[in-house]
Amino acid sequence: MCFKNLPIEFDAQGNAQLIGGVANPYAYTPRQIKRDKLEELLARNGHIKDVSISPVTRVAGALSFHAVADLQERKFLEANSVATIFRGYEVILKGRDPRDAIYISSRACGVCGGVHSTAACEAIEMAFGISPPPLGTVLRNLALALDFLYDHPLHLFLLAGPDYSQVVVEATSPAMWEKAQVTEAPNAEVHQFKTIGDIMKGLNPLSGKLYLDGLKMTRTPREAYSVLFGKYPHPQTVVPGGMSSTVTITDFNETLTRLQKMMDWTKRMILLWDDLTEFFYGFNPEYKKVGARDKNMIDLGMWDDPDSYDATYARCNEWGEARWATPGVVIDGNLVTTKLQQINLGLEEFVEHSYYENWNQNGVRFKTDPSGAPLSPNHPWNKETMPKPSKESWKDRYTWSTAPRWDRQVVEAGAYARIWTTAAAGLMPKNDFLESTGHSLKIHMPKTMLREMDFEWKIPEVWNAFERNRARAYCMGYNLMVGYTMVLKAFDYLRKGEDKVSTHFEVPKGERIGVGFWGAGRGYLSHHLTLDKGAITNYQIVTPSTFNASPKDPFGNAGPYEEAVLNTPILEDYSRPEDFTGVDMLRAIRSFDPCMPCTTHIYGGEREIVREVNTCACSAEG
Amino acid sequence: MGEIPEKHVGEAGSPKQHTSETASLPDQVGNVGRRTMEELVEDICASQGKTQLSLGPLEKVYVFWLAGMSCDGCTVSVTGATEPALEDLLTGSIPGVPLVILHHYVLQLEAGDHYMQSLLKAEQGKLDGPYVIAYEGSIPDENLTAGGEPFAGEGSLPLWAPSTERRRVSTAEWVKRLAPGAAAMIAVGTCATWGGIPAAYGNITGSMSVMDWLGADYRSALGLPVINIPGCAPVGDNFTDAVQAILLFLQGLGPLPEFDELGRPAWQFSETVHRHCVRAGYYEEGVFAKEFGDKECLVEIGCWGPVVQCNITEKGAVGHQGGCMNAGGPCIGCTMPGFPDKFSPFYKSPPGSLFSSNASRLLGSIVRPLRRISQRERNREIRWHETVPSGWAMEKGDTSLTHKILEFFYEAMQFQGAKRPEKQPAKKFPPGHQSLPDRVYDGDYQVLPEEREKKAEKRA
Ligand code: SF4
Ligand code: SF4
């Protein structure tokens, strides 16, 4: 039984139904935010500081953050995450030919350049009743593995990395910098950085070797991506029912060359993040609390098994569990489901603290999902938005992002959620390079220029900013071996003569519904689509950063960025309140790899009610 | 690119050495390195010693990157650029090109007010060098949000005020503040150049391009209208290449960069993508892909290449690799002002191709067989007449009369007005001929080693 808050139970056959005898099963009373005490504190005390970071840099897109810090007690009293962009893509999609959804929704986010097109494609395939030939699926998987191989290094070395560089550490904790220079890096033999100080120097923006190599290495997978899929971001090769790549032996050889380069580099980089993490923990165990949150996370899995994936909703649990990344929800560190349908049923979006009015007064559009299971009126499929552009108020509404929740609990999305659910589920297809043990993910990397190496990402005991980054480093190895396996699979299909990459399709004229359950570099990504008379009637996107950047929900729970900041102790050095930089809080926020372009909502003009669609990779509405 | 020993690359040094104005600002929130990226770059360059030779009037140029209704795809593209590479521009590593100080929210060391501070300095004319604006994304009509939060905001003013006393500033407002003083205004990507997807049918945010927003009369401080580098997302190299071309010109080193009537760098965008397409030969011969994944010309499954100005097929997407049609993706016109509405529904063949592709089909049906004949003959060595010494297939020469006649006329045309090398009868070795190795090794050198041993034994 995976739900503890939603009124859903399962019968002996595992079919979901509403718990009987509840009059208004999904009703709730929103809790008000009280701020009076805080305002009083702010007015009275010099050491209580109103911290406004606008914009938060080194994240993708437009994010602002507000917090109230107690600089004497060294803790945060309030935290607000603010998405400052809104684009209205869902309206642009409405009424269009469904084929256009792939390329238009792709433009929701250019940071993970091909994830939206693929999610849109899967939604369309479900609606059209088609599915790709095996090589088409394999190519798609390869595209997404390459996508993340650029994305994770970008985050680790260019966005988050500088926060752990000499430049920042020396400025915010001179004692730590002193110690780092004389602390030998345990894995120096592998990564070639003798001391932790050398690693920190390597992370210096624009002069450090790790920074500059990291930037160059983001190009290597993008080159392979361009060879196979044309361009990055926004490839023009994702089509309903497959891919439109013309593949040749040379394309795969060129990809292999680049994967090999990535392997050599990744082997060195994974343990570097281990060393950095352990150094911080050793220097001051309080760092384990930076960015800490409950171990609650969500992922839809990705990388379909070409033999299982048939794009039907009815069989989504089966093909979902056959994926190379297993779908799942983790609550308090326990994996509570791996079924795509249950993940979908538990999803709700709330807007009490966003610039929208609640939409429930307009009646419920879908009472059940396509399989007849009960669906919340707050599910994205049922969502309609009454935009309410208003002034920012920490008590009331303060962001363009909504608050998606699962079973009314705050869950976070990310590459780390993907590796976590996959490691915990033990359902990874059998292969030579990756093994899910139920408590860890083993990664075997074959000999390249560097020797053969084994890595194991273990589900961590603590959950915080450092663990997010560390997991992301291991994800590079994970993605790499998925990518390599897909090249081998592609060869296999070509040897068997199964070289078709797409399927014929017609745009259906009747009413159809589809969902794309997929993943972005930052995790969870779903596209929800309804069609009628050959045109889109509703299109919605829920993105990982919509989860992570969400504001408070009506039950009084803060969104993941906010919660992570509230749990962060202030550890940096400062003698005067004016010298406070907020680096610990920024480390906490950046560890999520925020990506705001896709947080999307629509604005319909005064009083006009528009059906909402949530776009992006990432989280505000737009 | 070879490996440079790390010690020769500049060093960041320690923060204490820096005496900058950031220290005197009211607080340090967001300034995690206690120096801004700009100051850091100065430190890095200073650690390498002063440049001895100044190759032009400019030492450094500031680039302020602003984003409106964007997906960050243009930013991502630019991080992929290698010709020149971003890091080379940002560290002043290209001789003759001034140091580019990029002010970009995705890359900046500092956050918040310390980050926004430079924009105000630029507006007040307090920078120690000229500045350029690179704008990504379209500009929404912020009149629609009057009284509420802007659709696209960046930073809030006044700086250093408590959050309740600030107002979020739209990127449109930053354009208004900064455009008049900018040396150049560069719109990056299709959203910024023409409006793009946010401005497509159903546009409820009133989105438009930078040109639309500033109007045709806009001129930068150097007298330039808006420069447009389109593409959704653009080829990253097109941006860095254009920036470098402009800077080299301003240094008095490079030739005048030309722009077309829509402000595009002419050297990048004057040709249609079809002209350099790797599949253009198929079009010419009238052979077309029927399914996605086919290797022929993509026009009948939705390619608009023949009317689209773009250089991706010859330039490649990242590191000279790829390109839409190179990989198999039909061109959907993402660099064009009409994108997306004038090219959708995607995957449907453009109406114009009905005429042109059928015309090439007709012509192709004549040209193709003729070419195949000449091609087949060009696949033969001049000595191969009846037999072809290939073990791969039952290849035969052609000695039929028709073939001989065709070849005769073809060659007559081929060498018309040119000297024809004299035809020599193929040399045949006389029977019993022995080559040098034959003589030395007694003909054994071609046999397998065991055989050779046996033979040697026999001889002994
Ligand atoms: S694929 Fe497109 S650009 Fe290439 S030849 Fe055909 S029509 Fe021209
Ligand atoms: S070829 Fe067409 S779709 Fe591809 S980048 Fe150029 S204009 Fe865009």
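Throughout, a chain's letter reflects where its sequence line sits, starting with A, and its residues are numbered from 1.
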Salt-bridge criterion met for [X] and [Y] (N-O under 4.0 Å):
X        : Y        : answer
B:Lys348 : A:Asp97  : no
A:Lys201 : B:Glu11  : yes
A:Glu223 : A:Lys216 : no
B:Arg166 : B:Asp113 : yes

> Is the distance between the ring centroids of A:Tyr103 and B:Phe343 under 6.0 Å?
Replying inline: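 Not close enough - the centres of the two rings lie 6.0 Å or further apart.
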>> Only pairs of heavy atoms separated by less than 4.5 Å count here; which of B:Gly329, B:Ala317, B:Gly293, B:Ala111 has the most with chain A?
In response: B:Gly293
>> Heavy-atom pairs under 4.5 Å with chain A - which of B:Ala152, B:Gly319, B:Gly80 has more of them than the others?
In response: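 Heavy-atom pair counts peak at B:Gly80.
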Below 4.5 Å from any heavy atom of chain A, which atoms of [X] appear? Answer side chain, backbone, both or neither.
X        : answer
B:Pro162 : both
B:Cys74  : neither
B:Val235 : neither
B:Ser156 : both

> Do you know which of A:Val583, A:Val501, A:Asp579 has the most heavy-atom pairs with chain B at a distance under 4.5 angstrom?
Replying inline: A:Asp579
